Every structure is written in structure tokens, then in C-alpha cells.
Amino acid sequence: MVRANERLFYGILGFIVIGLIWEAAGDLGLYRKSLLSTPSLVWTAAVQDFGSGAIWPDLGTSFVEFALGFGAAMVVGIPLGIAIGMFRRVDHFVSLLLFGIYSTPKAAIAPLIILTAGIGLESKVILVFLLAFFSVIVSTVAGVRSVAERHLDIAHSFGASRWLQFRSVILPSTFPFILTGTRIATGRALVGVIVAEELAANQGIGHYIELYGAFLQTSRVMLGIVLLGLFGIILGEGVRRIEKRYEVWRQEIH
Amino acid sequence: MAASSELALSARGLRMEYRDRSSDTRLVAIETMDLDVGDGEFVSLLGPSGCGKSTFLKIVNGLLKATAGEIRLRRSGTGREDAMVFQDAALFPWYSVLDNVAYGLVCAGVSNADARKRAAPLVELVGLQGFETKYPYQLSGGMQQRANLARALAVDAAILLMDEPFASLDAQTREVMQAELLRIWNAARKTVVFVTHQIEEAVYLSDRVVVMSSRPGRILADIRIELPRPRLLEVKRSAEFTAYAAQIWKLLASQPAAADSGRHG
């Protein structure tokens, strides 16, 4: 507990120190405020946009895109990953295909997706899904492949049914890996949201950043970035905490 | 020769070969093995590593299929014929002690709630009361092996197959667990086939010590241990005990070292 609090304390302290340096550098005129803004100007922008409520629709849109794409990545990625890990034929059938899509930079596919799925919600969800999906699959497959032989032996020895083997051995062994995949996927999903929105959108945080960037309102651009960062930290930290709970026996598996 | 006329286990002409992938030759793990174990008997299989003693247990348990030969197990009516007590780290780290002990019952189709109810007295029998909700990583090695034993006892099989269950314990814990095993064996009245490479452990525990050769495994001798029961740990310092140990040691010493051929269990 003390450790966790200490970590949080120094983490926040780090933010404050960097913020102060940034602020001071701006006030001392070391750079042009109109290009890089300052924390106090970002704060003013936040008070304005949250006060007027103007930013909420953008936040809401981005959140929905994120949640749908990320959720779909989990719903498809986890079962598919398990199937790939467990059945060699499934592995052979989809691996090359998946690896091909995985190796292609998503930014290259994005224009095609927008062309076919439009500039609305659908194209964003598809891109978010494509980005998040692979982290989930890769980790899940790794989890299934690292199930300990001796744990399977126990299940066989006592005559567990195939379903019980799955439930009592494969799933719990794989679970920590799925969590890791999930954590990595949150970050990638966020990238998907912003890339898609900056390419073509009329709402969302990516659009907000793009729009105010064009008007050189860097405080608002910064505000968008900070909000994204905050969201990423909270989400990643949340998953990391769940992961920690399972860490004790995860070490034991290897 | 068995305590009861009925046989708990009977192996005839058992042979086990492996294909060695690197050289594509066949390795003989067990040459031919005939073994009878009487009902209620405690029999140890003793031999150097790689002699096929663990392989034998796995064949009996159904985890491996023998190349040739036949295994017959007496059916006890209800439940499984045999239950395995594995080597170290053989508990599921994601289950509590109670759920680990109940696992064999769940495998046999007993509902979770009933399995836990039936597992509870065995947790007590092996001396783990108060640790039911703990997880394996919270237990010492000795306690983990107690839970491992309780899991095998819970399914109420006629035969317990024990695969070097105390091999990774420190010397002192090992002695405590040996005495504990005899106490539990006495209470549960099971047939036990116990695999070990420790002479002294085999002599102390067993009614019979079956000495195996280094690979390819075959039976060198089948020695009846006539030490009175119940056996206290002090028996290990008696002259008879020492004589048995010396006799077995001589048998094993006549064997070529198996260090370079003992890669498979």
C-alpha cells in the first residue's frame, strides 16, 4: 500500500515539476506561447470549453468509437486467440491472413476504410478494432501456448472432460495474458480513434485537435492531447491493477 | 504374498518404447515388467533416474500408453481405480486449497458444492485445517504436497500412485511427510505404489521395495520389508533397517551409471 501511494505521489510530482518548467519557460519568453501554449492557458481553455459544454459532444463521440471498437476487439480477439492457440488447423487457416493485416500499417488502410465505410462512426470503429484486435490475439495465443504440461496432466489424470479442462486449466492460465493484451490494446485503440478522426470526421477529440490546430489555437490542441493522455493513463492503470492481482500466481506458472 | 489374496494391480509383460526424434531410433524405457500389488499393500518402485519408474506410474494412470503389455486394476465399485499424487508444483495456482483438493471429485462429475463438502474432511486428515481458503503460493512445499495427497485421497480410489512426491522437499520436511504419509495410509487403508530414488525412503515406507535397473528398466529384485508397523522414524536407526538399505544399495551400485542416458523420466 505504502509503495503504491509513493508511486502515485512521485508520479504526480513529476507532472507538476514538468508543468512548472513549461509554464516558466513560456513566461520567460523562451518560446512563442502561441505555438506551444502554457499549462495556465490550457487550463483556461479547459474551463471555457467544459464550462460552455462545447467539448462534451467531441468527448462523447470519441468515447463511443473507442468503446465499440475496443469492445469488438475483445469479443472477437479473445475467442479467436484461444481457438488459434488450441487448434492447429485454425492456426494455419488464419495465421498468414492475420499476419498480413498486422504487418500492414493501419494508416495505409485508413483512407480505404473511410472511403467504404464513410466518415461516420463505422469507419472509426473499424479502424479502432483493427488496431486493438491484434494485441488481444497475440497475447491470448501466447497464453494458451504457455499452459503448463503438468497442469494439463492433472486434468487428464483425474479424467476431466474437455470442457472442464478448458475451464479449470486453459482459461485460468491464459487469463493474465489476456489482461496484458487488453492493456496494450487500450493504447492502440486510442491511436485508432485519433488517426481516424484526424483523417475525416466532424466530431470527436481527434477532430477537435485537428480543427483548433488549423486555427492555431494551440491551448485547445494541448487540451485535447492532455485529455487523451489522461484517459489512456486511467484505463491502462485500471487494467494494470487487475493484472497485479494475478501476478502472484502468474510467476508460478513459468 | 500380498496381505489379502486379491490383487489391486497387476501388470503383465509391460513394455515402453519412445521414438527419439533427433536420431529417429527407438529408446526402450521399460524392457518388460511384471508386477503384482496386493490389496492394501505399500509398494515402492526404486531406481536411478531414467529407469522408467515414473513412466510405469503414468501408464497405470492412463497418461501414457504402453507399447505392449497389459495392466489390470481392481475396480473398487465407486469412483476411479487409481489416483495420482504428482511431483512438486502440481496444484493449480488459481484455486484455493479446498478447490484443489476437491478437483478430482469435480472431474468425476460431482457438483462444486458437494465436492467441497466431501473434500473438507480430507483437508483435515492431511493436517491442513485452517488453510482451506489459502492459495498454493501461500503454502510451504510440504503443505503443498499435503494438499496434493488430499486431492488424490478425495476421489476415494483403491490405489494411490505417488510419483516422487517428496523429492523437492528439504530433508527434515521430507521425514515429517514420510511419517505423515504412513499415518494417513493407516487411516485411509489404500494400496500405494510409491516411486522414489531414495533407498531409505523406500525401506521406511514400504511393505515391498521393487528395485529397478537403469535404462532399459526392468525389475532387479522384489524385496519384502519385514519391519514391524506402525513404524516410527526411529526405526531408521535400527540394524534391520540398515541391513535392508545396504542390500538395496549393493543392487543399485552394480548398475552402470545412467547419467548420460537418463533424459526421459
Side-chain angles (χ1 to χ4, degrees), chain A residues 1 3 78-79 81-82 85-86 88 139-183 239-254, chain B residues 54-55 57-65 79-96 99-112 115 119 134-139 141 144 147-148 151-157 159-164 168 265:
Chain A
M1 270 327 276
R3 276 278 171 80
I78 294 171
I82 288 173
M86 285 181 73
R88 194 182 307 205
S139 301
T140 307
V141 172
V144 175
R145 298 244 161 97
S146 65
V147 171
E149 201 62 46
R150 61 173 181 274
H151 288 148
L152 286 172
D153 270 356
I154 296 168
H156 289 144
S157 173
F158 286 99
S161 64
R162 281 193 72 96
W163 168 237
L164 186 60
Q165 278 173 40
F166 177 73
R167 213 155 43 85
S168 63
V169 182
I170 295 171
L171 207 53
S173 304
T174 309
F175 187 64
F177 290 84
I178 295 177
L179 281 179
T180 303
T182 304
R183 182 165 48 79
V239 182
R240 211 186 58 84
R241 290 208 169 185
I242 306 173
E243 267 183 274
K244 261 223 125 96
R245 281 170 144 210
Y246 294 91
E247 229 165 49
V248 226
W249 55 254
R250 183 184 193 170
Q251 294 163 347
E252 213 181 312
I253 294 174
H254 300 287
Chain B
S54 289
T55 304
L57 275 200
K58 285 183 179 156
I59 293 170
V60 173
N61 191 229
L63 286 175
L64 291 175
K65 218 174 138 21
R80 293 184 58 82
E81 297 102 325
D82 59 308
M84 183 85 115
V85 180
F86 289 86
Q87 283 191 32
D88 57 314
L91 298 171
F92 292 144
W94 45 85
Y95 280 174
S96 68
D99 284 342
N100 265 296
V101 174
Y103 185 69
L105 291 166
V106 173
C107 287
V110 179
S111 75
N112 279 329
K134 293 275 188 284
Y135 284 82
Y137 73 89
Q138 296 170 302
L139 306 184
Q144 289 187 24
N148 195 353
R151 177 176 61 197
L153 287 170
V155 295
D156 202 22
I159 307 181
L160 281 186
L161 306 171
M162 304 187 72
D163 188 9
E164 305 203 45
S168 64

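As the structure is a computational prediction, the values presented were derived from the model and not from experiment. To find a chain, count down the sequence lines: A is the first, B the second, and so on, and within it residues start at 1.
- The closest side-chain heavy-atom distance from D153(A) to M84(B) is not below 4.5 Å.
- A 4.5 Å side-chain heavy-atom check between W94(B) and S173(A) finds at least one atom pair inside the cut-off.
- Ring-plane geometry between F158(A) and F86(B) is classed as tilted, the angle between the planes lying from 30 to 60 degrees on a 0 to 90 degree scale.
- Chosen from S168(A), S161(A), A155(A), A160(A), the residue pairing most often with chain B at heavy-atom distances under 4.5 Å is S168(A).
- Between L91(B) and H151(A) the shortest heavy-atom distance is O-NE2, 3.4 Å.
- Looking at every heavy atom in both residues, S157(A) comes nearest to N61(B) through OG-OD1, 2.6 Å.
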